[in-house]
Number of protein chains: 2
Amino acid sequence: MSEPETERTEATPADEAAGHDIYGEDGAVSAPFLAHVGAAIADRDTLALKRDVGSLHQSEIGDLLQALSPEQRRALVRLMGEEFDFTALTEVDDAVRLDIVGSLPNAQIARALQHLDSDDAVYILEDLDQADQDEILAQLPFTERVRLRRSLGYPEETAGRRMQTEFVAVPPFWTVGQTIDYMREEQNLPDSFSQIFVVDPTFRLVGAVDLDRILRTQRAVRIEEVMRETPHAIPATMDQEEAAQIFEQYDLLSAAVVDENGRLVGVLTIDDVVDVITQEAEEDLMRMSGVGDEELSDSVLAASRSRVPWLMVNLVTAFLAASVIGLFDATIQQVVALAVLMPIVAGMGGNAGSQTMTVTVRALATRELDIYNAGRIIRREMGVGLLNGIIFATLIGLVAGLWFENMHIGGLIAAAMVINMFVAALAGILIPLLLDRLGIDPAVASSVFLTTVTDVVGFFAFLGLATWWFGFL
Amino acid sequence: MSEPETERTEATPADEAAGHDIYGEDGAVSAPFLAHVGAAIADRDTLALKRDVGSLHQSEIGDLLQALSPEQRRALVRLMGEEFDFTALTEVDDAVRLDIVGSLPNAQIARALQHLDSDDAVYILEDLDQADQDEILAQLPFTERVRLRRSLGYPEETAGRRMQTEFVAVPPFWTVGQTIDYMREEQNLPDSFSQIFVVDPTFRLVGAVDLDRILRTQRAVRIEEVMRETPHAIPATMDQEEAAQIFEQYDLLSAAVVDENGRLVGVLTIDDVVDVITQEAEEDLMRMSGVGDEELSDSVLAASRSRVPWLMVNLVTAFLAASVIGLFDATIQQVVALAVLMPIVAGMGGNAGSQTMTVTVRALATRELDIYNAGRIIRREMGVGLLNGIIFATLIGLVAGLWFENMHIGGLIAAAMVINMFVAALAGILIPLLLDRLGIDPAVASSVFLTTVTDVVGFFAFLGLATWWFGFL
């Protein structure tokens, strides 16, 4: 195997390590690279691993870990020892991370965490048992222990948990020159930062200065003259999703996190927020299909357990709909065509309703839908429901009438279709709006209620009309 | 109405303009604020508007525009004249933006665009007619015209369209001191930036330096000694979603955009990428429910048109399922309980299948699912399908048997449930995988095929087994 002799700087990803690209054409970890790493693990070739895996970006190591078998993962981390970049563990599934961390002695974890940014350290610590957490924290230097304990003291999924406790803060009376000199001399700066915070002697936040502003300003100018106010300081106890919305709305790159007394305790950065946005979008999607927060690495039992509750709820709906059909069994026995056609009425209503529901849930999530436009949107959806109802009623009525050579049946299904698609549109917007007002997440609960409505109304309208009509004849 | 006398700096949002918060408790534009602005528009009170709306953040003005009526919006922009911040137009629905821009003379648009970052100007220009675009561009200064034309020359939804053409680039032989002095003197810098690019005399990209790195380095050090390589430079023709994935993977704040010759043409920033991520997540969700790219401000006709195709496709599925039922009409006439229970079999299969499908579609989108773990995930889903199938078969079988006081029917529905939930799980993973391999977006097309499978198999298994069993008796 020929090895390219190029010199690499720290920031260059060793995509071509050992002559193989880590990613293949399809964006997944490539088979040759995986085989190469697998062989190195089997040979306990520490040197090759440190060279080829050690030079990868944390997210690339994360992808690699996910692609390896559990035994390989643990062996890789063990073999690389101190050179394994623990930041990579923030890039893998919870189950993979817990498996790897669980296989390591607490002393090694403590040593590794000292090299991490506090937000990454918290991310790895927060899922561990209290006992392991305490043992690891006890082995950290005082300052770091205090910082991590403070972050861990905030509730899960808050800004305080996601913040980085390393930041640069200066007093307002310093000059730009003093600030630049301080940064040139101070060794203990965060790895990267895009703004400097300004604090009073009690560490209360008074403002911030972006680095480009500092670079554009003469040395003699005082910081308080170039700083801007920080109207978007984020309380440490704020929910991470709410914090993400502030970042999105005001296009922030980073924001100060303050405690209940307005004291600066950390900084939230956009890369963490991007993770939150992706994660929340995923959660919404998963919840709408009743999958819960399962992960790809979950076992059959875990995945089954996360999906049963949703299916159970839907089962109740299904029996409710069935009992509506049961009311009309005599009519069905007389006109079997009704049994053949009735799923069309219910199904098309369900599809139309879920279109409206998706638009509504999304508009509620992005706060585009509020009390000012709710009336207009409800009227619009009623219009769409009626219009599409008439279009599909005509179509389905004609096809059904021709199929069963019975225009009574065609007329009945057409009438039932208009009713159900109109009701579906109304339910598709009113159910999420109502749930939202009651403080229930509309993404989770809407679709069950919607299906119940479209099934019950669909079956009732079609079979009820038919019973009345054929009884009438 | 009492007016607070606080002095405001540029960056302070005038949330309390005229004594009213722009946002109410629920996060929507508050009624008092809206009434206040509405009154000022009606009174043509330009002064009040410039003070209260002019001091808002662009995204707040965007929210305000969305909450106003079309007439009020146009009047507001007209009354504010040169003081209306056109960046706000990048924060509203396409329909609202087009309506406002369409009501303004091209000369005014051209004047306004000169104050915008190039990416925002492109965002506003790209949806206009070619004739309007040309007329507006012709009124811009030469440099800006060339820059905007270059961006507009790249295809829609590419990095070239989203990039900002303002950036700071220096030669590698400059010192840190020279660079800082240049930034202190140069007036024509971008509004904000977090890194400086390093280019050769032909403007080919050779590296980048983060601002914090510059601030930490002694003045005498040469730029080439502190610059890092830029392995993640983004080709201008790259799809914006792909570019967003690179930002996410490598936690970038900004990245160089290069043309086909490796020359620096612009910079893509994380705030644009956050918008792309949100937008793409929304699109995926909308596509899964067949809503297309409709917006909340669309009319009844537009919304109806965007939803009909999906309903039409589902209609074909529905008739296919109905025709399967039609095969067994004789059996149904004999045992009406089958008609009552058959939607349960099909519906539960559909729900279980869509759980699997959601997990699969999401894992494909995030590239967590690839050929290495596909086998394992398929086996897992088969396990989940079988396990949940057995759980719900037992439950439904018992309830149905007791309901109709007929254990034959209980046994039949249980057998059909196991079959359908197993097939649903298999279809839920294989359909998206297959579509993905064929280059079709699995988010769009999967659910129709899945419903077809679960309906057809559900009805066929239940009614088929029943026909065989009761014929056998």
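A, B, ... follow the sequence lines: proteins, then strands. Residue 1 opens every chain. Worth knowing before you read on, the calculation uses all heavy atoms, side chains too, and leaves out hydrogens, waters and symmetry mates.
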Sequence neighbours excluded, which residues qualify as salt bridge (charged side-chain N to carboxylate O under 4.0 Å, His left out) partners of B:Asp271? none
Chain B heavy atoms under 4.5 Å from A:Phe392: which part of the residue, side chain, backbone, both or neither? side chain
The interface call for B:Phe247 against chain A, heavy-atom contacts under 4.5 Å, is neither
Please look at B:Ile344 and chain A and tell me whether the side chain, the backbone, both or neither of the residue comes under 4.5 angstrom of a heavy atom of that chain. both
Engaged part of A:Arg213 at the chain B interface, taking heavy atoms whose separation is under 4.5 Å: neither
Pick whichever of B:Leu387, B:Thr217, B:Leu341 has the most heavy-atom pairs under 4.5 Å with chain A. B:Thr217
Could you tell me which portion of B:Gln66 (side chain, backbone, both or neither) has an atom closer than 4.5 angstrom to a non-hydrogen atom of chain A? side chain
Can you tell me which portion of A:Asp93 sits under 4.5 Å from chain B's heavy atoms? Options are side chain, backbone, both or neither. side chain
Side chain, backbone, both or neither: which part of A:Leu386 has a heavy atom under 4.5 Å from chain B? neither
Using non-hydrogen atoms and a 4.5 Å limit, figure out which bit of A:Asn351 sits close to chain B: side chain, backbone, both or neither. both
Out of A:Ile270, A:Thr179, A:Ile196, A:Ile332, which one racks up the most heavy-atom pairs below 4.5 Å with chain B? A:Ile270
With B:Arg219 via salt bridge (charged side-chain N to carboxylate O under 4.0 Å, His left out) - residues at least two apart: B:Asp181
In terms of heavy-atom proximity below 4.5 Å to chain B, should A:Asp298 be classed as side chain, backbone, both, or neither? both
Which portion of B:Asp63 sits near chain A, non-hydrogen atoms under 4.5 angstrom: side chain
Interchain contact, A:Ile391 with chain B, by part (heavy-atom threshold 4.5 Å): side chain
Is it true that A:Asp212 and B:Ser192 share a donor-acceptor pair across their side chains at a distance under 3.5 Å? no
Given heavy-atom pairs under 4.5 angstrom as the criterion, report whether the side chain, backbone, both or neither of B:Glu381 touches chain A. side chain
Can you tell which of B:Met348, B:Met382, B:Glu185 has the highest number of heavy-atom pairs within less than 4.5 Å of chain A? B:Met348
Heavy-atom side-chain contact between B:Thr356 and A:Arg307 under 4.5 Å: yes
For A:Gln249 and B:Glu60, what are the C-alpha separation, side-chain angles and deciding distance, and is it a side chain to side chain contact (heavy atoms under 4.5 Å, CB included)? CA-CA 8 Å; A:Gln249 169 145 30; B:Glu60 295 169 335; 3.9 Å; yes
Honestly, the part of A:Phe319 sitting under 4.5 Å from a heavy atom of chain B is both
Heavy-atom proximity to chain A below 4.5 Å, by part of B:Ile377: side chain
With a 4.5 angstrom heavy-atom cut-off, could you sort out which part of B:Met312 is near chain A: side chain, backbone, both or neither? both
